[in-house]
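Input: a single structure, listed below in structure tokens.
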Amino acid sequence: MISLKSKREIELMRKAGEIVGDLLEAIKDILKPGITTLKLDEFAEEFIKARNAMPAFKGYVSAFKKHYPSTLCTSVNESVVHEIPSNRVIKEGDIVSIDVGVCYKSYYGDAAYTFPVGKVDTKKAQLLKVTQESLYKGISQARPGNRLSDISHAIQHWVESHNFFIVRDFTGHGIGSSLHEEPMILNFGPPHRGPRLKEGMTLAIEPMVNMGTSRVKILSDGWRVVTCDGKPSAHFEHTITITNSEPEILTLPSKNRNHRGHREDKNTKFV
Ligand code: CO
């Protein structure tokens, strides 16, 4: 069952999402060569607690019964997702995916952004651009009347027509009073399949895109996922809600408020 959220529930998710958006914005400013991923994690935990929320990933129990130990996933270069923050030092030319979930008054927000550090080579820059665009292609399909796989198909089509590779082993998900709810949102597949999308659904859409192969493996820590060819990977995610018109992105920073006090993303205009 895909739950439909009330106005009150969506308002709480908007608050959770704003903390996520503001945190990613703040991380952008401190993500410089020389910083360790552990420092980013400490910064994030303090930031979230100062906003009266809790990190959602810390203590999360995986399918293999492992507890995630950190606030962030900090997945560098060949890491796809779920790299645990450590003393790994960020270097000029790296791409760093920051994935973060927060829980505010029992409601969740979840987003990821892959940042270039300093100057990155053109192929990496293209990977980031196409992955972020694929997220927005997916979001633009999130409207009443469409079916779930219209999101999946739009993402896959954009990525593959730019000669990059969708990671098939991980998916997006419903979100709300749990971090992971139904439905599972594949990042590939034929259009017009699966449940019809309805106003009040809240979804975390999250394409993971590789430069050289779809194939990934989980390392021995039980968390970190890397590309099998060691080439780079990117990951972008937003929590959104379906409305009777345009989807609303819940995980934008507060600086994106327009004159009516609503948060908007100019990126959505290109889709
Ligand atoms: Co997620």
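Both counts, for ligands and for their atoms, begin at 1 and track the order of listing.
- The number of heavy-atom neighbours closer than 6.0 Å to CD of Glu42, taken from other residues, nucleotides and ligands shown, is above 12.
- For the side chain to side chain donor-acceptor pair (under 3.5 Å) condition, the pairs that include at least one residue of residues 100-110, sequence neighbours left out, are Glu9-Tyr107, Asp110-His173.
- When each of Val96, Val76, Thr36 is paired with Arg88, the side chain to side chain contact (heavy atoms under 4.5 Å, CB included) condition holds for Val76 and for no other.
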Let me have the donor-acceptor pairs involving side chains of residues 185-195, under 3.5 Å, with sequence neighbours excluded, atom names and distances please.
| residue | atom | partner | partner atom | Å |
| --- | --- | --- | --- | --- |
| Asn187 | ND2 | Glu206 | O | 3.2 |
| His192 | ND1 | Asp150 | OD1 | 3.0 |

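- Partners of Lys124 under the salt bridge (Lys or Arg N to Asp or Glu O under 4.0 Å) rule, at least two apart in sequence or in another chain, do not exist in this structure.
- For Lys58 and Thr71, the side-chain atoms include no donor-acceptor pair closer than 3.5 Å.
- Around the Co ion (ligand 1), the protein contributes the following N, O or S atoms at distances under 2.8 Å: Asp110 OD2, His173 NE2, Glu206 OE2, Glu237 OE2.
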